[in-house]
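Naming convention: chains lettered A, B, ... in sequence-line order (proteins, then strands); numbering from 1 in each chain.
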Amino acid sequence: MATEEAQRSYNPQIIEKRAQEFWEARKTYQMSQKNREDGPRYSFLDGPPYCSGRIHLGTAWNKIIKDTYLRYKTMAGCNVRRQAGWDAHGLPIEHKVEGLLGLKSKKEIETKIGIENFVEKCREFAIENQGIMTQQFKMLGVWMDWDQPYITFDPKYMESCWWTLKRAHEKDLLVQDLRVITWCPRCETALALAEIDYEDKEDPSIYVKFSLKEVQPGLSENTYILVWTTTPWTLPANMAICVHPDYDYAYVKVGEETYLLAEAMVDSIFGELEYEIIRVVKGSQIEGLEYQHPLSQEIPVQNDFKHVILPGEHVTLTEGTGCVHTAPGHGPDDFEIGKAYGLPIFCPVDEAGLFKEEAGKYHGQFVKDADPYIITDLDTHGLLFKEGTIKHRYGFCWRCKTPIIYLATEQWFLKITQIKNQLLSELDKVEWVPSWAGESRFRNWVENARDWTISRQRYWGIPIPIWTCSDCDEITVVGSLEELVQLSQEKLEGDVLHRPYVDQVKIPCHCGGQMQRTPDVLDVWIDSGVAGWAALYYPKEQKLFEEWYPYDFITEGHDQTRGWFYSQLGCGMIALDSVPYRKVLMHGFTLDEEGKKMSKSLGNVVEPDEVVAKYGADVLRFYLLWANKPWEDLKFNWDEVKNINKMFNILWNVFIFASTYMGLDNFQPTKYGAENVKFRVEDRWITSRVQSVAQEVTKSLEALHLHQATRSLQDFILEDLSRWYVRLIRGRTWIEKDDPDKLGAYQTLYTTLKSVVTLMAPLSPHICEEIYQHLIRPLETYLPESVHLLDWEVDETLRDQKLEADMNVARDIIEACARARDSARYKLRWPVQEIVIVSEDQGILEASQNLEDVLLEQANTKKITPSQEFQDLKIRVLPNMKTLGPRLREDVPRVAAKLSEVDGHELMEKMDAEGIFVVKLDDVNVELRPDDVVLETELPDNVTNSEFPGGNVFVDTQITPEILSEAMSRELVRRIQDMRKDLDLEVEAHIQVNVDCSAEFQGLVKPFLEYISHEVRATEILFQAQDGDYHKKWKIEDHELTVGIKHSV
RNA sequence: GGGCCCGUGGCUCAGGCGGUAGAGCGCACGGCUGAUAACCGUGAGGUCCUGGGUUCGAAUCCCAGCGGGCCCA
């Protein structure tokens, strides 16, 4: 047999396992890379997934996009760099490990287990997950350099990171500063903006009365500034109140008390009370007024400070009172104001979010827990004007989901604000897909960028390579291990770059003192931000860098706007004055069927493994690339996955159809010369179609419009290949021996399938490999050993767009015939005498002539007649009563009777020629003008019709003896085929047939005995009473008969 | 408050450089039976979110609004 045995039905579990084992054993991936060694370089950088657990659907989608595009690029001849990357440091892993070890705080890490063990556990955890996730990616058929990935805890990688920091220092972009930053009290560390998630949160909403110290002329003693806040715990740190200098502020008398607030807010706050505005002043006029801190009894330290009203341009009137509580230790704006006016940066909160001793009564309390006590105390002092709650957006630590707080701390920063303009001009050089991802969304993020807090007070990360001298404040930024050895004059061994070992390395300072490393580690976003050169181990290694940097392509989800797209841009500008990537595809998120985020708490998570177990990796891959535009969010939908599975089933069936028949006939695609093979028009058509599809797919893949590539292929496989071409060649495959006509069909089907598996290989690598291994390679053994080693080719010369258009017309016509027959209840199996194709469009008539053979067979007709009009249409002529009634009166019935005998065609001709038509009655001639008649067309008996775009088909359904004879024969064939199947005979088996029927039926089928024998593979057909063989009773129309068959030996 | 994206049959989505609205699923009806634990056809079902504008013509371009999502403040 020419082709190898294949599974009868599409079984992804088996074929995918087989394909992956084959690739593994034959090192196909490595071969595909080697194959393109001399091709043009195409560099890709894998956005490193974080190794904290199993992959989810979004991660799968991400890698599938990458794999598909890169497989395509490789087939198209490029030498593609596709190293896998892993993000392995940072808080998320620390959290998981803390959980595993039952640790609850930094203190416990340091005292119970020690940094050394903790870091080791983190490393083990990351490596274990890296292994699990690698297996999962491989299961999806993702080809990358899994054996030589970059991973962020690799010392060589870390050195590149250190070098980057050193560059920042050289450019004066690395600074330490006291600033108010976002802080996670759970993780006890600074967070960057990128590490904060925003969600709705319910908080207190209180209006607090701040008592003015001096009594204003004309006002009562009880005068208060009214202030609104949602963070009562920041009140202990209040140092000032800001008002906008240009706004109007009102003194409002309510009962015995007077309140000061923005006039615009008065109504919304006092609306329901009786109040009186007694004076209105500009904000600038109340600057400098002193007030009493409302909690000075609880917080004695506050008595040492002076509290005044300050001007603030940041004050708005959208909410609150227009008088803004200002705590320089707890808010970025507040901090700026504090610095500008020399306020103390009072921050009575420690790193765990607990009030320090300065907070007096609240000492030791967690800030959020102190809210109710503070509110109660305010109330006790009579300083609480109003209390409620508010639901608003609030920031949370992206990993532990603790609400963040603002704290004033000393941190290290990258001064992004200083290079912002360079970042903006650099991002314009990048090609973004879709274009708005860069031009609008990313640009907006960068425009709002602030200085980047890069220090983290944690353990598992790249240590900040900054050594400082406690004696003279000198700092040194170390750019490599070698440099550290040199500077420290120590022999350094082991994992010396990680904590805690690196913490012990001291550098002698020129002042005679000792420099010690700053104990922080780096924000993990720096880890991945430097991937561009760190993955190439630059600057330690030069060659790789020169070959591959910068990267031609990266792709990640839209969350990476603030993440990796940004961190790479920032780090790239600092280290190398350039953005590391040239083209970016920003893809979407995977959501559940309702469009909600997949999350464990909602229980709506769909695991990629689950989909693969049910439908296989190819179906999942194709689905994810098909479901919508890649840059939009994808609502995962099981029904649609099932639908894609159906398409794979059909492709599989076509393959089985091809391999079954080609196998039976021992078909050899290379054996036959041109004289032995006859191609029909449909062969040329499908050959052209497949090239058109190749062109579309190429264009779509290049543009990263992956949904269009998958849709083109799906459409081709279902509509053109399965539903049309296979249907057209059915009859030809049934011919025996090496008939040229059959070989033409085989040859064409074979090359078409070969093209299909080539085009689909990047999208669905497993099924394509399977078909290639079982159908293509056995017949063309000189071909490369894997479909993935083929070249990507499009052959323009095989395209015939006119033919493709004609075929579309033919399909429309055939559909219309089927409709027409259906409406007349005339079976498709029964032939018809003639169909007339009527159209005024010459192109359509030509098409029907060009494809006459296809039409004859598929419309099951003896004759095709293209025509500009349907000659046999009867035209009935009726009198128009509106005009004739008044004119002819009692003559109308006689005229009507005459008209009913008139041939409409004749009347129309006369009218066209002479303008009138004369009806001769016995006594008088009546002249009729066009207005006087109404024409109605009528189909002749035995004709049924249906429209198609651009025309009409008329089907002659008259049953002549010949037609009936053929119809009965076909009916008989179907019964016998049915019985063959009952006996479960081999396709090629021959049978003997015996028909016991009336003489009349025998007479009908007799002229078609040869046809019947051929169709059912009968060696003989007898008409006699049944013996003991397998037989069955049938009723065909009015004929009752018994058919018996047996396997002929 | 700002930026971006999305809004097309019951559902999931194509189309989207302006020219009669498409597919699959689901539903109803029918057909086919050597690709067959398949497959095919027909039908019903749409104010293309709303309102303006540009235009001979708008699902498509522009403006405003409404609704949903993401990001930021």
Exercise. In Watson-Crick or G-U wobble terms, both distances under 3.5 Å, what is the partner of B:A14?
Worked result: none
Exercise. Taking atom P in both B:G10 and B:C32, what distance in whole Å separates the two?
Worked result: 33 Å
For this session: Have a look at A:Arg727 and say if it touches a base, only the backbone sugar-phosphate, or nothing, with a 4.0 Å heavy-atom cut-off.
Result: nothing
Exercise. Is A:Glu804 salt-bridged to A:Arg689, cutoff N-O under 4.0 Å?
Worked result: yes
Exercise. Quick one: CG on A:Leu701 to CG on A:Leu763, what's the gap to the nearest 0.5 Å?
Worked result: 6.0 Å
Problem set entry | A:Arg974 vs B:U33: side-chain N/O to OP1/OP2 distance below 4.0 Å | yes
Problem set entry | Atom C1', compared across B:G45 and B:C27: separation rounded to whole Å | 10 Å
Seminar exercise, completed: If pairing means Watson-Crick or G-U wobble with both distances under 3.5 Å, then the partner of B:G1 is B:C72
For this session: Answer with base, sugar-phosphate or nothing: what part of the nucleic acid does A:Ile650 contact at a heavy-atom distance below 4.0 Å?
Result: base
Exercise. Is the ring centre of A:His56 less than 6.0 Å from the ring centre of A:Trp61?
Worked result: no
Exercise. When you compare B:A21 with B:G46, how far apart are their C1' atoms, in angstrom units rounded to a whole number?
Worked result: 8 Å
For this session: Take the protein atom CD of A:Gln560 and the nucleotide atom P of B:C4, then report the distance between them rounded to whole Å.
Result: 21 Å
Problem set entry | Span that lies between the P atom of B:G67 and that of B:C29, in whole angstrom | 42 Å
Seminar exercise, completed: By the Watson-Crick or G-U definition, both distances under 3.5 Å, B:U42 is matched with B:A28
For this session: Identify whether any heavy atom of A:Arg443 sits under 4.0 Å from a base atom; if not, whether one sits that close to sugar-phosphate; answer base, sugar-phosphate or nothing.
Result: nothing
Problem set entry | Near-ring test A:Tyr623/A:Phe636, centroid separation under 6.0 angstrom | yes
Exercise. Is it true that A:Trp445 and A:Phe442 have ring centroids separated by less than 6.0 Å?
Worked result: no
Problem set entry | Selected nucleotide, minimal atom distance to A:His558 side chain, candidates B:G15, B:C25, B:C70 | B:C70
Exercise. Contact class for A:Glu447 vs. all strands (heavy atom < 4.0 Å): base, sugar-phosphate, or nothing?
Worked result: nothing
Seminar exercise, completed: Closest to the side chain of A:Leu828, out of B:C25, B:C70, B:G31, is B:G31
For this session: Just call it for A:Gln714: base, sugar-phosphate, or nothing, with non-hydrogen atoms closer than 4.0 Å on any strand.
Result: nothing
Exercise. Considering every strand shown, what is the Watson-Crick or G-U wobble mate of B:G51 when both distances are under 3.5 Å?
Worked result: B:C63
Problem set entry | Nucleotide B:G22, atom C1' - distance to CD of A:Gln708 in whole Å | 15 Å
Exercise. Just checking A:Thr561: base, sugar-phosphate only, or nothing, at a heavy-atom cut-off of under 4.0 Å?
Worked result: nothing
Problem set entry | A:Lys646 side-chain proximity, nearest of B:A35, B:C25, B:G34 | B:C25
Exercise. Quick one: A:Met979 CE to B:U36 P, roughly how many Å, whole number?
Worked result: 21 Å
Exercise. Considering every strand shown, what is the Watson-Crick or G-U wobble mate of B:A35 when both distances are under 3.5 Å?
Worked result: none
Exercise. Taking CD1 from A:Ile1045 and C1' from B:G34, how many angstroms apart are they, rounded to a whole number?
Worked result: 12 Å
For this session: Tell me whether the OP1 or OP2 atom of B:C70 has a side-chain N or O from A:Arg441 closer than 4.0 Å.
Result: no
For this session: Check the distance between B:C13's C1' and A:Leu706's CG and give it to me in whole angstrom.
Result: 16 Å
Exercise. Out of B:C4, B:C32, B:C70, which nucleotide sits closest to the side chain of A:Lys827?
Worked result: B:C32
Exercise. Do A:Glu815 and A:Arg811 sit within salt-bridge range, that is, some charged N less than 4.0 Å from a carboxylate O?
Worked result: no
Exercise. How do A:Asp333 and A:Arg829 order along RNA chain B: which one's closest nucleotide is nearer the 5' end?
Worked result: A:Arg829
Exercise. B:C48 and B:A59: how far apart are their P atoms, nearest whole angstrom?
Worked result: 7 Å
Problem set entry | A:Glu640 side-chain proximity, nearest of B:G24, B:A35, B:A73 | B:G24
Seminar exercise, completed: Closest to the side chain of A:Asn653, out of B:C39, B:C4, B:A38, is B:A38
Exercise. Got a donor-acceptor pair under 3.5 Å from the side chain of A:Arg711 to the base of B:A23?
Worked result: no
Exercise. With respect to the phosphate group of B:C32, does any side-chain polar atom (N or O) of A:Gln977 fall under 4.0 Å of OP1 or OP2?
Worked result: no
Exercise. Can you tell me how far P of B:G1 sits from CG of A:Asn448, to the nearest Å?
Worked result: 17 Å
Exercise. Is the closest basic N to carboxylate O distance between A:Glu857 and A:Arg732 below 4.0 Å?
Worked result: no
Problem set entry | Sorted by number, the residues of residues 621-639 of chain A with heavy-atom contact under 4.0 Å to RNA chain B | A:Ala627, A:Asn628, A:Lys629, A:Glu632, A:Lys635, A:Asn637
Problem set entry | Separation between the P atoms of B:U60 and B:U47, rounded to whole Å | 16 Å
Exercise. Does A:Asp428 pair with A:Arg443 as a salt bridge, N-O distance under 4.0 Å?
Worked result: yes
Exercise. In whole Å, what separates the C1' atom of B:C63 from that of B:C56?
Worked result: 22 Å
Exercise. So which one's nearest nucleotide on RNA chain B is more toward 5', A:Arg723 or A:Asp984?
Worked result: A:Asp984
Exercise. Should the pair A:Arg441 and A:Trp436 be classed as cation-pi, given the thresholds of under 6.0 Å to the six-membered ring centre and 45° from the axis?
Worked result: no
Exercise. Which whole-number value in Å describes the distance from A:Tyr394 OH to B:A73 C1'?
Worked result: 14 Å
Problem set entry | Whole angstrom value for the distance that separates P of B:G41 from CD of A:Gln858 | 13 Å
For this session: For B:A14, take OP1 and OP2 only and decide whether either is under 4.0 Å from a side-chain N or O of A:His705.
Result: no
For this session: Verify the neighbour count for atom OH of A:Tyr750: are there more than 12 heavy atoms of other residues, nucleotides or ligands below 6.0 Å?
Result: yes
Problem set entry | P spacing across the pair B:G19 / B:G57, given as an integer number of angstrom | 14 Å
Exercise. Any chance CD of A:Glu447 has more than 12 other-residue heavy atoms, nucleotides or ligands included, within less than 6.0 Å?
Worked result: yes
Exercise. NA contact type, A:Glu988, heavy-atom cut-off 4.0 Å: base, sugar-phosphate, or nothing?
Worked result: nothing
For this session: Classify the side chain of A:Ser722 versus the base of B:A35 as yes if they form a donor-acceptor pair under 3.5 Å and no if they do not.
Result: yes
